[in-house]
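Written below as structure tokens is the structure these notes are about.
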Amino acid sequence: MPVSPFIRDLPKAELHLHIEGTFEPELMLEITQRNGVSLPFTTVDEARAAYRFSNLQDFLDIYYRGVGALITEQDFCELTCAYFDRVARQGVRHAEIFFDPQAHTARGVPFSTVCRGIESGLQYALQRYGISSRLIMCFLRHLDESEALVTLEAALPFRNVIHGVGLDSSEMGNPPAKFARVFAAARDAGLACVAHAGEEGTAEYVRDAVDVLKVQRIDHGNRALEDPSLTAELAERRIPLTVCPLSNLRLGVVDSLDRHPLREMLDAGLMVTLNSDDPAYFGGYINENYEAMQEHLGVDDATLARIARNSFHAAFLQPGRRTELLAELDAYLLEHDMHLSVR
Ligand code: HPA
Ligand code: ZN
């Protein structure tokens, strides 16, 4: 998908990105060979052909197979560096990155290996490209809360590396309330809290993520629109929704991009951002998501700039860094004679 020059260089933050979901088949095959692991495919074309999903669970089954190739600290570092090498060319100035520690520790890969490998990649991004980042550890919601509590304990020595916690994996039948205690403990430990909700689950899941887990952002949140009073509350409280259009298309959350609810979200006054989720699997990184909304919904540059501005407001940034990034965005818009239209 060709991306317009305006979108390409627009300064922005990525706030919904699973690092394991950036595992491109080329790198996967290279690491698989190095580690002597086997996969259900042996070429890039076979891998891409296998990436056909009709729902979240279909996707997760393939995603966890790919994750199995990651074993050493070097693997996690290379994965993270490869992600930043790509998005350094997409105007990404700050990235908040999810990882799934339980998908690794369950295979015998130590928590410290995963954390140190990703952390080296984050340092590389800062030094090489000046891209700042935050790391968010997700609990797998198809597992028990007791396992999430063990994972939280394992994370506490890495408190300086891990900024927050999230909740991902199979949503249906695994409501936010199942994780009330672990989120309370994470909050007590001073960690930021976010959760996937309303991707496949109902508006009630979004409501509970806000009321019970007390999250600061909702990941996806599409189905919140089914409840007008919840939608009004999210708008009023400026609780951000990290929306992922290409993911929504590939996982059957929407049946076409022309019918994506982004416009309804904006019209309802919701604080939305555009993000890529699992770009190696869903056919595009952050800019392809911006571009898709322009192409399919006719969202204009000024509105995309407002969404980029939202991304800096919704990010877990130090105040000085936020000011710097907003100023960089303002300067970019001034260059494009757009400073008045997006305020
Ligand atoms: N949804 C839920 N869980 C996930 C996803 C997703 O898109 N990607 C990785 N884990
Ligand atoms: Zn996600």
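Numbering of ligands and ligand atoms starts at 1, following listing order. Position 1 is the first residue of the sequence, and the numbers go up from there.
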**Asked** Where does F98 meet ligand 1, judged by heavy-atom distances below 4.0 Å: at the side chain, the backbone, both, or neither?
**Response** neither
**Shortest-distance N, O or S atom of H16 relative to the Zn ion (ligand 2)** = NE2
**Message:** Which label fits F179 and F139: parallel for a plane angle under 30°, tilted from 30 to 60°, or perpendicular past 60°?
**Reply:** parallel
**Prompt:** Can you tell me the protein heavy atom closest to atom 7 (O) of ligand 1 and the distance?
**Reply:** D277 OD2, 2.8 Å
**Message:** Would you say that I71 contacts R107 through its side chain, given a criterion of any heavy-atom pair below 4.5 Å between the two side chains?
**Reply:** yes
**Request:** Classify the angle between the aromatic ring planes of Y83 and Y285 as parallel (below 30°), tilted (30 to 60°) or perpendicular (above 60°).
**Result:** parallel
**Interatomic distance, Y51 atom OH to D278 atom CG [nearest 0.5 angstrom]** = 10.5 Å
**Complete:** For L56, the ligand 1 atoms with a heavy-atom partner under 4.0 Å come out as 1 (N), 2 (C), 6 (C)
**Request:** Show which atoms of ligand 1 fall inside a sub-4.0 Å distance from at least one heavy-atom site of Y63.
**Result:** 9 (C)
**Message:** For the aromatic rings, using the six-membered ring if either is Trp, is the centroid distance between F99 and F76 under 6.0 Å?
**Reply:** no
**Prompt:** How open is the angle at the Zn ion (ligand 2) from atom NE2 of H18 over to atom NE2 of H196, rounded to 10 degrees?
**Reply:** 100°
**Asked** Has D277 got an N/O/S atom less than 2.8 Å from the Zn ion (ligand 2)?
**Response** yes
**Asked** Which residue and non-hydrogen atom of the protein lie closest to atom 8 (N) of ligand 1, and at what distance in Å?
**Response** D278 OD2, 2.8 Å
**Item:** the Zn ion (ligand 2) contact by H220, N, O or S atom under 2.8 Å
**Value:** no
**Message:** Check contact between L60 and ligand 1, using heavy atoms of the residue and a distance below 4.0 angstrom.
**Reply:** yes
**Request:** Measure the distance from atom 3 (N) of ligand 1 to every protein heavy atom, then report the residue, atom name and distance (to 0.1 Å) of the closest one.
**Result:** S169 N, 2.8 Å
**Asked** CG/L167 to CG/D219 distance, rounded to the nearest 0.5 angstrom?
**Response** 9.5 Å
**Message:** Once you restrict to heavy atoms under 4.0 Å, what part of E20 touches ligand 1? Side chain, backbone, both or neither.
**Reply:** neither
**Asked** Measuring from Y63:OH to E20:CD, what's the distance to the nearest 0.5 Å?
**Response** 4.0 Å
**Message:** Can you name the atoms of ligand 1, numbered from 1 with element, that are less than 4.0 Å from a heavy atom of H18?
**Reply:** 4 (C), 5 (C), 8 (N), 9 (C), 10 (N)
**Request:** Report yes or no: is the cationic atom of R217 (NZ for Lys, CZ for Arg) under 6.0 Å from the centre of the six-membered ring of F316, at an angle within 45° of the ring normal?
**Result:** yes
**Message:** Just to confirm my output: which protein heavy-atom neighbour is closest to atom 1 (N) of ligand 1, and how far is it?
**Reply:** E199 OE1, 3.1 Å
**Prompt:** Applying a 4.0 Å heavy-atom criterion (strictly less than), which segment of E171 is in contact with ligand 1: side chain, backbone, both, or neither?
**Reply:** neither
**Message:** Tell me whether the rings of H18 and H196 are parallel (<30°), tilted (30 to 60°) or perpendicular (>60°).
**Reply:** tilted
**Item:** F98 ring center near H16 ring center (under 6.0 Å)
**Value:** yes
